[in-house]
**Student:** 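Questions regarding the structure given below will be posed in turn.
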Amino acid sequence: MADYNFYDNVYDVVRLIPKGRVTSYGAIAAYLGSKQSSRVVGYAMMAAGTANPPIPAHRVVNRQGLLTGKFHFGGDTMEQLLASEGVEVIDDKVQHFKVLYWDPAIELTL
DNA sequence: GGATTGACAACAG
DNA sequence: TCTGTTGCCAATC
């Protein structure tokens, strides 16, 4: 697929996130080439809730490890999914964020 | 077709 | 250190 769109590329990266890991919008944006397009990544995630196959958007959090988009999941679904994968979430924030952080720019470049 | 919004991030004051 | 503003790209109104 030569015509790699930013939007479509985001889905691909998010689906590559290993279970029990989390990443940030900026990390994905940076991996795509423009860290400042993090807003586009977040926008892509918005459609992820209705996309098929479903995108593990619950593994994507902001720079602070905060589950900013949990409201779009419909309540506490996001933290429940993370907790189900072994990710400890307290006060809508991912604990051990630095440890669970999965950077596509590194993991996929190996 | 133009203006506004959006699950963010970085820089400036 | 914290608050405020700007930038980015695509989608929606």
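The chains referred to below are lettered A, B, ... by the order of the sequence lines, with proteins before strands, and numbering in each begins at 1. Basis for what follows: all heavy atoms, side chains included, without hydrogens, waters or symmetry-related copies.
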**Student:** Assess whether a salt bridge exists between Arg59(A) and Glu85(A), defined as any Lys/Arg side-chain N lying under 4.0 Å from an Asp/Glu carboxylate O.
**Tutor:**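 Judged by the 4.0 Å cut-off on N to carboxylate O distance, Arg59(A) and Glu85(A) do form a salt bridge.
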**Student:** Report yes if some heavy atom in the side chain of Val94(A) is under 4.5 Å from a heavy atom in the side chain of Leu100(A); otherwise report no.
**Tutor:**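 Touching, per the 4.5 Å side-chain cut-off.
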**Student:** Mark up nucleotides 7-13 of chain B, 5' to 3', with B wherever a protein heavy atom is under 4.0 angstrom from a base atom, S wherever such an atom reaches only the sugar-phosphate, and - elsewhere.
**Tutor:** BBS----
**Student:** List the atom of Leu67(A), the atom of Met78(A), and the distance in Å for their closest heavy-atom pair.
**Tutor:**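 That would be CD2-CG, 3.7 Å.
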**Student:** Give a yes or no on whether a salt bridge exists between Lys70(A) and Asp92(A), defined as a side-chain N under 4.0 angstrom from a carboxylate O.
**Tutor:**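 Asp92(A) and Lys70(A): salt-bridged.
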**Student:** Taking side chain as C-beta onward, heavy atoms only, is Trp102(A) less than 4.5 Å from Val13(A)?
**Tutor:**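 Yes, side chains in contact.
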**Student:** Return the value, rounded to whole Å, for the distance between atom OH of Tyr7(A) and atom C1' of dC8(C).
**Tutor:**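 Between C1' of dC8(C) and OH of Tyr7(A): 16 Å.
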**Student:** Roughly how many Å is it from CD1 in Ile28(A) to P in dC9(C), rounded to a whole number?
**Tutor:**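 In whole Å, dC9(C) P and Ile28(A) CD1 are 17 Å from each other.
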